[in-house]
*Asks:* 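Please find one structure pasted underneath; my questions will follow.
All values derive from a computational prediction rather than experimental measurement. Chain identifiers are assigned alphabetically (A, B, ...) following the order of the sequence lines, protein sequences preceding nucleic acid strands; residue numbering begins at 1 within each chain.
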Number of protein chains: 2
Amino acid sequence: MPVKKRRIKLEDIARKLNISIATVSRALDKNPRVKISTREKVFKMAQSMGYMPNQIAKSLSSGKTNIIGVIIPRYDEPFFIEVCRGIDDYAREHNYKILISSSRNSFEFERDNLIAFERGLVDGIILSPTHETEMFAHIRSVIKKGIPVVLFDNIREEVQGADHVLIDDDKASFNGVEFLIKKGKKNIAFIGGIIEKKVFQDRYKGYLDAMKKYNIPIREELILHCESLDREFEDAEIQNFFKNIPIKPDAVFTCTDNYGLLSMKTLLKSGYKIPEEVSVIGFGDLGLGEVYVPSMTCIAQPTYAMGQKAAELLIEQFNEQNETHLKKVIKLNTELVLRDST
Amino acid sequence: MPVKKRRIKLEDIARKLNISIATVSRALDKNPRVKISTREKVFKMAQSMGYMPNQIAKSLSSGKTNIIGVIIPRYDEPFFIEVCRGIDDYAREHNYKILISSSRNSFEFERDNLIAFERGLVDGIILSPTHETEMFAHIRSVIKKGIPVVLFDNIREEVQGADHVLIDDDKASFNGVEFLIKKGKKNIAFIGGIIEKKVFQDRYKGYLDAMKKYNIPIREELILHCESLDREFEDAEIQNFFKNIPIKPDAVFTCTDNYGLLSMKTLLKSGYKIPEEVSVIGFGDLGLGEVYVPSMTCIAQPTYAMGQKAAELLIEQFNEQNETHLKKVIKLNTELVLRDST
DNA sequence: CTGTTAGCGCATTCAG
DNA sequence: CTGAATGCGCTAACAG
C-alpha cells in the first residue's frame, strides 16, 4: 500500500492551471462570474487530480457545518430510532447530516453531549430529555448562544426559545382506558414507565382521569411503574408484577409497546386467554404488536412524523432572521389501533 | 431573547488579560510551559466569559475531527442499531463521536455517504455494504486516501487495506439446520433474505450443505428468498409463501429474527401448533424472540460485540504508523439458543 | 471575468 | 515562561 497521500487542495489545481485559488473556488461553485471555459477547465482538472473539498475548512470559513445534532435517551427503544429515521430523511433532503448521541438515560451524559455540540460541531440540536432532566439551564445556555434547539417527546417544562414536538399523552392514554371501560372492563391494570418521566406521568394521569370519570375505584395493586431503564430488566419486573397481583385484572393498559408485549407473554404463559379473559393495550405501535399472536391493540404514535416535524422546525429556525424566535409547540395526533388483544 | 451573541474566542480572553493568544491556548491545554498562576488566571477568565473552544477550528488545525463515520443499510433493522450501540460505547470511551448514515439499501446512497465522509468530516469509517454493492472501488478509493476503514456483516469481497468483522454465517446456519434434522425433521423450509446479499447467500449455503450431508432432498417449494427491503412488506411475502406452500413443513429455518417471528405468526394463525407440528428458528436473537409465545429458538449473533470490535479495529488503525496496514479479518462466534419453538 | 487580500479560530513553530 | 508569526483549506470582500 502506498504511503498516505497528501490531499489535493484548491491551491494544487490553481497552480497547475496557472490561475488563482479564488477562481478555482468560484469555478467549482459554479459562480456565474467565471467564464464557462475556465469553469470547465477547472472541473476537468479537479476531476483528474481527484480533488475533494475539505468540509472542515469549508465549515470554518462559512460558519456552517450542515450537521444536526440529535440526542436521544437510548438506542434500544425503537421509538427513538424511528424518530431519528424521520429526522434523517427530512434532513438529508435539505442537505444536512445527523450526528446521533445517546444520553444513556443520564442527565450528566445529556449535558456532556450538549456541551460537545455547543463547540460548534453542529448547526442545531434536536433533543429528547431524559427522565433525570429537571433543570434546563444547559439547554437554555445553548439557546442563548444562538444555537437553534428543538425538543421532543419528554418535555417536563417548556423551554423559552426552543420548539417542541409532542403528542397529547394524557389524552391518548385517557382514550385507550376509556375504550376498555366501555368494553365493560373494571379491573384495569396500568403498567407505566419510570414515573419521573413526564410522558409516563401524563399517561398515568390519563388512566386516572378515565377511571375517575366512570367512577371506577383505583386500586394500587393494579398499578405498576416500571423502573427499568434497560430492556433487559423490564421482563422480570413485569413478570413479578403479575405473579404477585392479588386481583385478576380483566384488562391491562400499558405505556410502551414492549410493556404490552411482555404483559401478553406473561399472561399467556400463566394460562390467561387474550382477549377473552383479559385485554391488553400497548403504546407506540412500532410494528411488533402486529406480529404477535394475538395481535396487540395499540395507541399509535406518529413516530416517524415526529422526527420529520422536528427536523422541519429546526431547519426553519436556521433560515430565520436570528431575531426573537417565537417558540412553537406542535402536538401531533395519536390513534387507537384496534387489533386482536382487545 | 437577546440577539445572537458572538462566540467568545481565545483572542477575547487574551485581550482581557493582556497576554497573547498563544499563551491562552497553551494555558487551556495545561501545557507545563506556562506558569501555574497564569494558567489559573486564564481558566478563571475563560470560565467567567463562558468560553467554549471551537471544534471546527481545532479540527482544521489539528487534522483530526474525532468523529467516526458509520454507514448502515437501514435503520429499521435492530441488528444494525445494536451494532451502532456497540460502536458508540467503545468510541465514546476513546473520545470519539459517531456519525451514522443510512445507505437505504442503495449502492448510490452508500457511495454518496462515503464521498461525504471523504471530505474530511470523519477520521475513519465503519461500513456495512448493501446487497447492491458489487463494486468496491468507492471503498478502495477511500482507503487509498489514507482514511481507515472497517467493514462488517455483509462482505462479498475482502477489501485490501480494510479490516473486516463478521460471523461464520455458513456454519451458523448449518448448525441450526443440522439441529432440526437431528430432531427428526424432514420438510425443513428455508426463509432467507434477498439473495444478492452475501450473508443470505452464506446462510442459504449452510442450509443446503446440512440437507445434503443428511441426504435430505431439497425441495424448491420449501424455499423462500424474501426480496423486501423494508419491514413493511416482509409480512405479506411470508404470509403468501405459507399460503401457497404445497407441502406441510415440519420445521422452518429463517435468516432473521423478523422472518422467524412473522413465520410463527402466520403458522399460528393457520392453526399450526409450535413446536409440536412445526419448529421455527430465527437468526440474530435481538430480544423479541424471547417475548414471543412460544419463545423462539435463535441463532444468536454477538451483535453488540461486533460493533465494539469494529470500533476497536478502527481506532487501532488511527494509532498505527500509516505504513502498510495488515488487513485483519475477525470472525465472531454464534450460538444456538434453544427455546420453546423447537 | 479574475486576482489579491483578509479572515474563520486555533495550534504550533520559532524567537526571545 | 511568553509572544509573534505562520498555517490548516476555503470563502468572500474588494480591486481591477
*Asks:* State which residues pass salt bridge (Lys or Arg N to Asp or Glu O under 4.0 Å) with B:Glu93; sequence neighbours excluded, sorted by chain then number.
*Replies:*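 B:Glu93 satisfies salt bridge (Lys or Arg N to Asp or Glu O under 4.0 Å) with no residue once adjacent residues are dropped.
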*Asks:* Under the ring pair (Phe, Tyr, Trp, His ring centres under 6.0 Å) definition, can you give me all pairs with a residue in residues 72-101 of chain A, not counting sequence neighbours?
*Replies:*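 Qualifying pairs: A:Tyr90-A:His94, A:Tyr96-A:Phe318.
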*Asks:* Could I get the full list of salt bridge (Lys or Arg N to Asp or Glu O under 4.0 Å) partners for B:Glu77, not counting sequence neighbours?
*Replies:*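 For B:Glu77, the residues satisfying salt bridge (Lys or Arg N to Asp or Glu O under 4.0 Å) (neighbours in sequence not counted) are B:Arg74, B:Arg231.
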*Asks:* Roughly what angle, to 10°, lies between the helix axis at the start of the helix from C:dC1-D:dG16 to C:dG16-D:dC1 and the one at its end, five pairs per end?
*Replies:*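 Its terminal axes enclose an angle near 40°.
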*Asks:* Students often get this wrong, so: under 4.0 angstrom with heavy atoms, is B:Ile56 touching a base, only sugar-phosphate, or nothing?
*Replies:* nothing
*Asks:* Which part of the nucleic acid does B:Ser59 contact within heavy-atom distance under 4.0 Å: base, sugar-phosphate only, or nothing?
*Replies:* nothing
*Asks:* Go through the structure and list residues passing salt bridge (Lys or Arg N to Asp or Glu O under 4.0 Å) with B:Lys197, not counting sequence neighbours.
*Replies:* none
*Asks:* Counting primed atoms plus P, OP1 and OP2 as sugar-phosphate and everything else as base, spell out the protein contacts along nucleotides 10-16 of chain D at 4.0 Å heavy-atom distance: B, S or - for each nucleotide, 5' to 3'.
*Replies:* BSBBB--
*Asks:* Looking at residues at least two apart in the chain, or sitting in another chain, which of them share a salt bridge (Lys or Arg N to Asp or Glu O under 4.0 Å) with B:Asp12?
*Replies:*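 Partners of B:Asp12 under the salt bridge (Lys or Arg N to Asp or Glu O under 4.0 Å) test: B:Arg6, B:Arg15.
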*Asks:* Run the side-chain contact (heavy atoms from CB on, under 4.5 Å) test against B:Val122 and tell me which residues pass, sequence neighbours left out.
*Replies:*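 In terms of side-chain contact (heavy atoms from CB on, under 4.5 Å), with neighbours along the sequence ignored, B:Val122 is linked to B:Ile67, B:Phe117, B:Ile125.
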*Asks:* Could you pull out every donor-acceptor pair under 3.5 Å between side chains of residues 25-37 of chain A and any protein atom, sequence neighbours left out?
*Replies:*
{"from": "A:Asn31", "atom 1": "OD1", "to": "A:Arg33", "atom 2": "N", "distance (Å)": "2.7"}

*Asks:* Just grab all the side-chain hydrogen bond (donor to acceptor under 3.5 Å, both in side chains) pairs involving residues 49-63 of chain B, residues at least two apart or on different chains.
*Replies:*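 For residues 49-63 of chain B, and leaving out neighbouring residues, there are no side-chain hydrogen bond (donor to acceptor under 3.5 Å, both in side chains) pairs at all.
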*Asks:* First contact, last contact: which nucleotides of DNA chain C are these for chain B, 5' to 3', heavy-atom distance under 4.0 Å?
*Replies:* C:dC8 to C:dC14
*Asks:* Any chance NZ of A:Lys44 has more than 12 other-residue heavy atoms, nucleotides or ligands included, within less than 6.0 Å?
*Replies:* no
*Asks:* Distance-only criterion, 3.5 Å: show the donor-acceptor pairs between side-chain atoms of residues 127-137 of chain B and protein atoms not counting sequence neighbours.
*Replies:*
{"from": "B:Ser128", "atom 1": "OG", "to": "B:Phe152", "atom 2": "O", "distance (Å)": "3.2"}
{"from": "B:Thr130", "atom 1": "OG1", "to": "B:Glu132", "atom 2": "N", "distance (Å)": "3.0"}
{"from": "B:Thr130", "atom 1": "OG1", "to": "B:Thr133", "atom 2": "N", "distance (Å)": "3.3"}
{"from": "B:Thr130", "atom 1": "OG1", "to": "B:Thr133", "atom 2": "OG1", "distance (Å)": "2.9"}
{"from": "B:Glu132", "atom 1": "OE1", "to": "B:Phe107", "atom 2": "N", "distance (Å)": "2.8"}
{"from": "B:Thr133", "atom 1": "OG1", "to": "B:Glu110", "atom 2": "OE1", "distance (Å)": "2.9"}
{"from": "B:Thr133", "atom 1": "OG1", "to": "B:Glu110", "atom 2": "OE2", "distance (Å)": "3.1"}
{"from": "B:Thr133", "atom 1": "OG1", "to": "B:Thr130", "atom 2": "N", "distance (Å)": "3.2"}
{"from": "B:Thr133", "atom 1": "OG1", "to": "B:Thr130", "atom 2": "O", "distance (Å)": "3.4"}

